[in-house]
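If you're wondering where the values come from, they're calculated on a predicted model, not measured in any experiment.
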Amino acid sequence: MQAPAGGSRWVGGSRPDLGRQTGYGGPGVQNYGGRTVGGGGGWNNRSGGWDRREREVNPFADDVNAEQALGEQENTVINFDAYEDIPVETSGDNVPPPVNTFAEIDLGEGLNANIRRCKYVKPTPVQRHAIPISLGGRDLMACAQTGSGKTAAFCFPIISGIMREQYVQRPRGARTVYPLALILSPTRELSCQIHEEARKFSYQTGVKVVVAYGGAPIKDQLRELERGVDILVATPGRLVDLLERARVSLQMIRYLALDEADRMLDMGFEPQIRKIVEQMDMPPPGVRQTMLFSATFPKEIQRLASDFLANYIFLAVGRVGSSTDLIVQRVEFVHESDKRSHLMDLLHAQRENGVHGKQSLTLVFVETKKGADSLEYWLCMNGFPATTIHGDRSQQERESALRSFKSGKTPILVATDVAARGLDIPHVAHVVNFDLPNDIDDYVHRIGRTGRAGKTGVATAFFNENNMSLSRPLSELMQEANQEVPAWLSRYASRATLSGGKNRRSGGRFGGRDFRRDSSMSRAAPSADYYGGMNSSGGYGVPGGYGGGYGPGVTSAWD
DNA sequence: AAAAAAG
């Protein structure tokens, strides 16, 4: 496979012009699609960005407000050690070695400044491995959970790559825009979240990030696109719409990232995704660089990987921030009719312990949209400020619910599975599975909304006769995470029939393995010495270590 | 069966 421009030759290379501001670029500067870019190599020669940079809204402003609103958290001390022994496995051809610090990767001064603004001290395991792989121009299939820091893992190489890219002539369509990178995600909120993060990472770099998703006026999004776009973050439906209107062309795409790929397939997006990736004008694998992120690797994802990626590197990171030591999991037997009063008891106890008053948030998962509405109403009636998020609410309502929850105005959020994956809400201290999901993977994602960024969290599940199919996988999962399994649950589990397929975990703490190693004839692995590149690192023998000294308020790049 | 996503 051929590395895209700015591939491996940049890795580790010294750069004399690093940090040099080119000002208004000299000859070769051209105005293009609302943006002026300079010619020549090196960093930051998107000189015309000056005008825009001064107008650019500071994406870090909200962080300060949020910190003030919530006050200093006591449990903000990050437990980095908890992550040091996360198992990581890579395989493939010539895997670039992982890095231990951001400093040793040459991401460019603008991006480095933003990493400092984000207060990221050191890369997470998925970042240590994924960033050098992507900077080396290689395709990547990563098995990583949300909360593992994967947004930065795919954003950094994209932003860095675009920053250092030579001026690329983009076709000029009357109203068509030509993004250089596309990030697809399953839900609108997740797209928003990725957009917000990407904006922080690209602040004052001249790299423009735009988000497009359904439920919001397309006019506003079109206007944003017309002002110039380098990285487009989108949900599949709205993107197909934009493509069909010929307002967006994928012809210039050099980076493609699919987030939560398994989720997108679960939601029936495969036709749209294949249309976007294979049937429009996107460059083929090997020309573009592709990153596929998925928590699990069923057959459908493996097929997607063979079709979308070229000579990729497989990366698996152990479960992080979910079902680990950081989350205390409790299961209680609660009959359907007792659920509300039981929840009330929990909330009262929480309030008495002062947890409530300290703006710790409680996320309550229910099975249906109707159930979400009625529980929210009931909670409010009983003096607990709550709001709700689900697919029957308008996008405006969804977003304002999320804001109100995050700000602590309504510290209880009743949610359907729309909020189960990927959403990163700081300060969620308690996740209640009011209705348990049928799939253990959904359970893992839901409880992963707490215990993030090294903080501890509690997850309480209401279990009853309707959840028997979950008894075995749930008790296995809890055992694996060294949680106390109630005797009654173990009894149900031992009686339950071994349900094959979906609920069986394979590979222990890993969500999947590189299937190319299992099959003798694989389209993706034509070379005979393919398996030679396999390397595995169970721990991090980091010389010098990261011996601590992180005070409150300092975060790593987990979220 | 329910949830999500394009109106």
How would you label the contact of A:Gly268 with the nucleic acid (heavy atoms, under 4.0 Å): base, sugar-phosphate, or nothing?
nothing
Any base atoms under 4.0 Å from A:Arg188, or only sugar-phosphate, or nothing? Heavy atoms, all strands.
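Sugar-phosphate only.
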Is a donor from one side chain sitting under 3.5 angstrom from an acceptor on the other, for [X] and [Y]?
X        : Y        : result
A:Glu399 : A:Gln395 : yes
A:Ser374 : A:Arg340 : yes
A:Ser475 : A:Ser490 : no

Calculate the interatomic distance between [X] atom [atom1] and [N] atom [atom2]; express it in whole Å.
X        : N     : atom1 : atom2 : value
A:Arg446 : B:dA2 : CZ    : P     : 15 Å
A:Asp441 : B:dA4 : CG    : P     : 19 Å
A:Asp442 : B:dA1 : CG    : C1'   : 13 Å
A:Asp262 : B:dA3 : CG    : P     : 20 Å
A:Glu397 : B:dA4 : CD    : P     : 13 Å
A:Tyr443 : B:dA3 : OH    : P     : 21 Å
A:Gln395 : B:dA6 : CD    : P     : 9 Å
A:Arg398 : B:dA4 : CZ    : P     : 6 Å

Looking at [X], does any N or O in its side chain come under 4.0 Å of the phosphate oxygens OP1/OP2 on [N]?
X        : N     : result
A:Lys369 : B:dA4 : yes
A:Thr235 : B:dA6 : yes
A:Thr187 : B:dA5 : no

Quick note, A:Phe269 side chain, CB onward, closest among B:dA6, B:dA5, B:dA3 is B:dA5
Out of B:dA4, B:dA6, B:dA1, which nucleotide sits closest to the side chain of A:Asn438?
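Shortest atom-to-atom distance from the side chain points to B:dA1.
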Steps toward side chain to side chain donor-acceptor pair (under 3.5 Å) verdict (A:Thr410, A:Ser404)
CA-CA 6 Å; A:Thr410 50; A:Ser404 162; 2.5 Å; yes
Within 6.0 angstrom of A:Arg274 CZ, more than 12 heavy atoms from elsewhere
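More than 12 heavy atoms, drawn from other residues, nucleotides or ligands, come within 6.0 Å of this atom.
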